[in-house]
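All chains are named by letter (A, B, ...) in the order of the sequence lines, taking the proteins before the strands, and each is independently numbered beginning at 1.
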Number of protein chains: 4
Amino acid sequence: MATRVQSGKAAAGGRRNRADEVLRAAVEIFHDKGYAAASIQDVADRVGVLKGSLYHYIDSKEELLARIFEQSDRESFALIEEMEALDVDALQRLREFSRLWSLWYLRNVERASLYFNEWKHLTGDRLAGVTAQRHEYEKRIAKMIDDCKREGTADKGLDTRYACFFLLSAINGLPVWYRPRGADPAEHIANVYADMIVAMVQHTKGRKRPSKAKARARKKS
Amino acid sequence: MATRVQSGKAAAGGRRNRADEVLRAAVEIFHDKGYAAASIQDVADRVGVLKGSLYHYIDSKEELLARIFEQSDRESFALIEEMEALDVDALQRLREFSRLWSLWYLRNVERASLYFNEWKHLTGDRLAGVTAQRHEYEKRIAKMIDDCKREGTADKGLDTRYACFFLLSAINGLPVWYRPRGADPAEHIANVYADMIVAMVQHTKGRKRPSKAKARARKKS
Amino acid sequence: MATRVQSGKAAAGGRRNRADEVLRAAVEIFHDKGYAAASIQDVADRVGVLKGSLYHYIDSKEELLARIFEQSDRESFALIEEMEALDVDALQRLREFSRLWSLWYLRNVERASLYFNEWKHLTGDRLAGVTAQRHEYEKRIAKMIDDCKREGTADKGLDTRYACFFLLSAINGLPVWYRPRGADPAEHIANVYADMIVAMVQHTKGRKRPSKAKARARKKS
Amino acid sequence: MATRVQSGKAAAGGRRNRADEVLRAAVEIFHDKGYAAASIQDVADRVGVLKGSLYHYIDSKEELLARIFEQSDRESFALIEEMEALDVDALQRLREFSRLWSLWYLRNVERASLYFNEWKHLTGDRLAGVTAQRHEYEKRIAKMIDDCKREGTADKGLDTRYACFFLLSAINGLPVWYRPRGADPAEHIANVYADMIVAMVQHTKGRKRPSKAKARARKKS
DNA sequence: CATGAATGAGTGTTCATTCAT
DNA sequence: TATGAATGAACACTCATTCAT
């Protein structure tokens, strides 16, 4: 705002991109109050315009949420693909993924938190899209774990599905307690989280699933 | 829970306790739509009364949420105390806690989910209370991990705080994918989760925290 | 309004039916300003409640409009069926229909006006329903004219469709100028309108439709 | 559309007059959605400019409507004056007027429809002007009917005012059902409508107005 | 001429809560 | 206890209009 003078650098610094500002404001507000409890007014207040004016940049509150998600989608899929291109063994790959995924959470606390907590407020095609993305994502991670089993760095009996949800949830919890302004350096935490995940995958012994008959018997008692 | 017997035919299903019905309905509705997006009307509809009538049983929507939390608080503290009374080594205790805590989540999917996702919608004293409870809870779990370190079943260098958040989050994610009507027997899952947590605690090697100086240096580069 | 005294008749007179009041207010407001330009606030003001309170009686503005239409539908179909049951010759029937239909317009100026001017603001099923009703209505009137032709009281060459629209439109115009408080007695006007319609049907000679070839030729010149 | 090349011949179709385009677009939009429900945005979209740009051509939405009306006013008064200059008997004149007035409606469905349905959305002087025009118009038509009565081609007892409104309304209804793309040739319809109007004027017998006393008596019963 | 960002008042609608009956 | 009418503030969203660029 200060240096609108040299119009050479205008685009890069001086003239703020309002559309981006709106997005950023929405991320903060939605994270702080929750999507449902947050109002468009809140977002407008943070940006510093009247709420009616927001509608130059968005189509609806839901579309605003969706737009935040798209950005996250792009980034998370870029990460997964980067991992898959890595020329290392499966456990290494899982480690690196866990580290970078944690790091993404730590660097984008609010956006990450939204991504996993507010998707239910989407509707129709948007909901379908996000759900599909999520399933695809889980499948790709499951594959990494299966590869570990194949390569012998994880027990054959390890339940891939449970392990997958387990590690995703663990990382998913980061935004609950982590504060960027706190004493914990993000890179360190990411490393520790990767350590914990690798330890879990490497050392969890398989456990036979109970037969359905047994399960039913137990339920009755 | 045991002795609702006398009081007429109440227990046998005759006269339903309306206040409990309200609570149960609220749990379901709040879980399905999220507290903020759910309306008192929704709850009333499920109970089968007019929304005005609900106010014979509750003081306000927030108080209704708080009451759900109190119940969860009682149950989760009962569990922790039960664990602390267990006469086994620390790792065993942690294992048992992980198993039962997972089980509680699986048996109370909705309530558990609420407990960890909707607390921000409380205000004032109620918010303070819930926050205090949570911190106390984390402290007690941290103690279990520290005991493992002391007893040699966990690496001295393991970061207790991170491990604590890690396991809590992992369990916390259960309601996201678990469906009571599905094929996964709760007890089995609880066991597997306990296995994964124990593996993580037992086999994660410590990692030195970077000194602040180093951290700052890295940030700049 | 006068006799709220004897509370015995409360239901019948004293205690006004608010739902009906809302409907009546809406008819007036929608007629005065047009449906699109009228606001729910206007209706609420006339009823004397806050606009939010209106939603105890209506589901939406559009549903309110639809409800007004249903009433008109019922009344107009009752009329047509009454006519069809009449044991007189076709011209007499048409006369009586024209008279009573005009009278209905004169006695329900606002509602009648709405019925024929604001239907485009309905959507979906409601629009389809109203459109279907209208077509059915036109068919029944067309039948009366065809009967006149068959009985020899109208020229065989008279274009039924045009005559039908002609008479409907003529009556439809009544609300434009007629004021209940004015000097014109409704019954008299209704009689005159019936006279004019009968004269038109009885004395309009047929006129051959131009062949398509001719029509095209004329267009080019 | 073809020859936008020689911009010298602007009038001949070369350089489109943007102001006219705006007017035409407004006619369509206002007719399709109704003035109140139509937005300036809709008009701008059809013209292909941003809505802000429209204000180079119009002063306000209402002024845009008024301008559409002025054009109609000019055309309809030209017609009436042409009729009055006709050297034929009164019934012939009325016939010719009915035919050409119908034809104008059929050739300008949208504009005609607007002219008679949306005038209430004007305010102040503009409303007064349009109302005055309408009254003047009705007076001139009433004169034609009175002339018929004087010349003996209409019954002396025919109520001029009612007949006048009757025929205007009948014609006014044309845009409701007529579709330019349909099978009905406009000239034919105009002729039939003229026939029907003439039949009505020529053959409607007078009917005595009830005395006020009688009217009041009837009302009470 | 044209743009597009911004305004500010207004729209229909929802909702937690109250209260006389 | 239960009802249902009523409140009043809030909400997401729209729109005619303005104006610096």
Side-chain angles (χ1 to χ4, degrees), chain A residues 4 7 10 15-19 21-22 35-44 47-65, chain B residues 15 18-19 22 35-44 47-65, chain C residues 15-19 21-22 35-44 47-65, chain D residues 18-19 22 35-44 47-65:
Chain A
R4 212 179 307 182
S7 66
R15 171 110 88 117
R16 271 306 190 65
N17 186 343
R18 215 40 169 262
E21 256 181 86
V22 169
Y35 172 78
S39 79
I40 283 294
Q41 183 69 260
D42 293 329
V43 179
V47 177
V49 295
L50 292 183
K51 76 174 159 175
S53 309
L54 268 195
Y55 286 81
H56 278 286
Y57 304 99
I58 65 172
D59 291 341
S60 69
K61 192 188 175 189
E62 196 191 310
E63 186 257 7
L64 178 52
L65 182 62
Chain B
R15 173 115 85 120
R18 219 32 171 265
V22 169
Y35 172 78
S39 78
I40 283 293
Q41 182 70 260
D42 293 329
V43 179
V47 176
V49 296
L50 292 185
K51 76 175 159 176
S53 311
L54 268 194
Y55 284 80
H56 286 288
Y57 305 99
I58 65 172
D59 293 342
S60 72
K61 193 186 174 190
E62 195 191 312
E63 186 257 7
L64 177 53
L65 182 63
Chain C
R15 173 108 88 116
R16 269 309 190 62
N17 186 341
R18 214 40 167 262
E21 257 182 86
V22 168
Y35 171 79
S39 79
I40 282 294
Q41 183 70 258
D42 294 329
V43 178
V47 177
V49 295
L50 292 183
K51 74 174 162 173
S53 309
L54 269 194
Y55 285 81
H56 277 286
Y57 304 100
I58 66 172
D59 291 342
S60 70
K61 192 187 174 191
E62 195 191 310
E63 186 257 8
L64 178 52
L65 183 62
Chain D
R18 222 22 176 271
V22 169
Y35 172 79
S39 78
I40 284 293
Q41 182 70 260
D42 293 328
V43 179
V47 176
V49 295
L50 293 185
K51 74 175 161 178
S53 311
L54 268 196
Y55 283 81
H56 285 287
Y57 304 100
I58 65 172
D59 293 342
S60 71
K61 193 186 174 191
E62 195 191 312
E63 185 257 8
L64 179 52
L65 181 63

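- Between the C1' atom of F:dC15 and the CG atom of D:Leu50 lies a distance of 15 Å, rounded to the nearest Å.
- The shortest non-hydrogen separation linking B:Val22 to B:Leu54 is CG2-CD2, 3.8 Å.
- Each of D:Tyr35 and B:Val49 has a nearest nucleotide on DNA chain F; the 5'-most of these lies closest to B:Val49.
- In this structure, C:Ser39 reaches the sugar-phosphate backbone alone: every heavy-atom distance under 4.0 Å involves primed, P, OP1 or OP2 atoms, never a base.
- At the heavy-atom level, A:Ile40 lies under 4.0 Å from the strands shown only through sugar-phosphate atoms.
- If you measure from atom CD of C:Gln41 to atom P of E:dT13, you get 13 Å, rounded to the nearest angstrom.
- Regarding contacts with the backbone of F:dA5, every side-chain N or O of C:Ser53 stays at 4.0 angstrom or more from both OP1 and OP2.
- The interatomic distance linking C:Glu21 (CD) with F:dA5 (P) rounds to 13 Å, in whole Å.
- Judged by atom type and distance alone, C:Lys51 reaches the base of E:dG12 through a side-chain donor-acceptor pair under 3.5 Å.
- Taking every heavy atom of residues 54-65 of chain B and every atom of DNA chain E, pairs under 4.0 Å involve B:Tyr55, B:Ser60, B:Lys61, by number.
- Overall, the helix from E:dA2-F:dT21 to E:dT21-F:dA2 carries an axis bend of 10° between its ends, with five pairs at each end and the value rounded to 10°.
- Rounding to the nearest 0.5 Å gives a distance of 14.0 Å between OH of D:Tyr57 and CD of D:Glu63.
- In terms of heavy atoms, A:Ala36 sits closest to B:Ala36 at CB-CB, 3.7 Å.
- Across the protein-nucleic acid pair, C:Asp42 atom CG and E:dT11 atom P stand 7 Å apart, rounded to whole Å.
- Where A:Ala37 and D:Ala37 meet DNA chain F, the nucleotide closest to each residue was compared, and A:Ala37 sits on the side nearer the 5' end.
- Nucleic acid contact class of C:Ala38 (heavy atoms, under 4.0 Å, all strands): sugar-phosphate only.
- Listed by first then second residue, pairs satisfying salt bridge (charged side-chain N to carboxylate O under 4.0 Å, His left out) with a partner in residues 49-62 of chain A read A:Glu62-A:Arg126, not counting sequence neighbours.
- Scanning both residues, A:Val49 and A:Ser53, for their nearest heavy atoms gives CB-CB, 4.0 Å.
- A close approach under 4.0 Å does occur between a side-chain nitrogen or oxygen of C:Arg18 and OP1 or OP2 of F:dA6.
- Across all their heavy atoms, D:Ala37 and D:Asp42 have their closest contact at O-OD2, 4.5 Å.
- Within the model, atoms CD1 of B:Ile58 and CD1 of B:Ile40 stand 4.0 Å from one another, a figure rounded to the nearest 0.5 Å.
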